Amino acid sequence: MAYKLGEVILSRESIARRVHELAEDIARDNGKDNSVVIVGILTGAAFFLTDLVREMPEDMDVRVDFMSVASYGDSTTSSGVVRIFHDLKSSIEGKNVIVVEDIVDTGLTLSHLLELLKGRHPASLKVCVLLDKYERRKTEVKVDYCGFRIPDKFVVGYGLDCAGKWRHLKDIKYVIEE
Ligand code: PRP
């Protein structure tokens, strides 16, 4: 199948505005110790995460860590296991953790990952996603901060890829099958 880029669904300006609002919301809700560990799930979330944390106030204690995971299973079932390719560098025990994802789709990756992270006893565990393809959900997952709810269409850019391509686009665009 060949693909080409379609129309812009989210412009760089609207993404930047929403990222700023999300950072404000997170800073406002932050615990009284004013510290947070932002956990980015590679690869797509790295783009969103770096913009998000730079919108957070200077007096906030913001730490950044990354994980690379994949959930086992085929297209219709999931074994309930997350395979870790790259784990966090630091312990999250007793920390206020926010998991940052570029997109939540079926919800399987996030729900498995949250179970895994809960087992490490953070003080709090929240989720921030840029995009929510809510129509595709197969399992309930609590999203504390959501950038945009989008329809079930193939999109790329701002970290989202098509077979590894087009992550670097500043805008988020539809992909069209040729
Ligand atoms: C995307 C996204 C989530 C997952 C969401 O990652 O970053 O991790 O898919 O899908 P789900 O809700 O159906 O589980 P992807 O596997 O595309 O990896 P990438 O970030 O490296 O592109």
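Keep in mind that this is a model prediction, so the values were computed, not measured. All ligand and atom numbering here is 1-based and tracks the order in the structure.
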Pick one of side chain, backbone, both or neither for how Met67 approaches ligand 1, counting any non-hydrogen atom pair under 4.0 Å.
-> neither
Would one find an N or O of Val104, backbone or side chain, under 3.5 Å from an N or O of ligand 1?
-> no
Hey, is ligand 1 close enough to Ile41 that some N/O pair sits below 3.5 Å?
-> no
Nearest to [atom], what protein heavy atom do you find, and at what distance?
atom                    : value
atom 13 (O) of ligand 1 : Thr106 OG1, 2.5 Å
atom 1 (C) of ligand 1  : Ile103 CG2, 4.1 Å
atom 4 (C) of ligand 1  : Thr109 OG1, 3.8 Å
atom 20 (O) of ligand 1 : Gly44 N, 2.9 Å
atom 17 (O) of ligand 1 : Asp161 OD1, 4.3 Å
atom 8 (O) of ligand 1  : Glu101 OE2, 2.6 Å
atom 21 (O) of ligand 1 : Thr43 N, 3.0 Å

Among the heavy atoms of Leu110, does any lie under 4.0 Å from an atom of ligand 1?
-> no
For ligand 1, is Arg136 a contact, meaning one of its heavy atoms is under 4.0 Å away?
-> no
Pull out every atom of ligand 1 sitting under 4.0 Å from any heavy atom of Arg167, numbered as shown with elements.
-> 19 (P), 21 (O), 22 (O)
Any idea which atoms of ligand 1 are less than 4.0 Å away from a heavy-atom of Asp102?
-> 2 (C), 7 (O)
Distance-only donor-acceptor check, side chains Tyr134 and Asp152, under 3.5 Å | no
Can you name the residues that form a side chain to side chain donor-acceptor pair (under 3.5 Å) with Glu135, not counting sequence neighbours?
-> none
Is the side chain of Asp65 donor-acceptor paired with the backbone N or O of Lys89 at a distance under 3.5 Å, no angle test?
-> yes
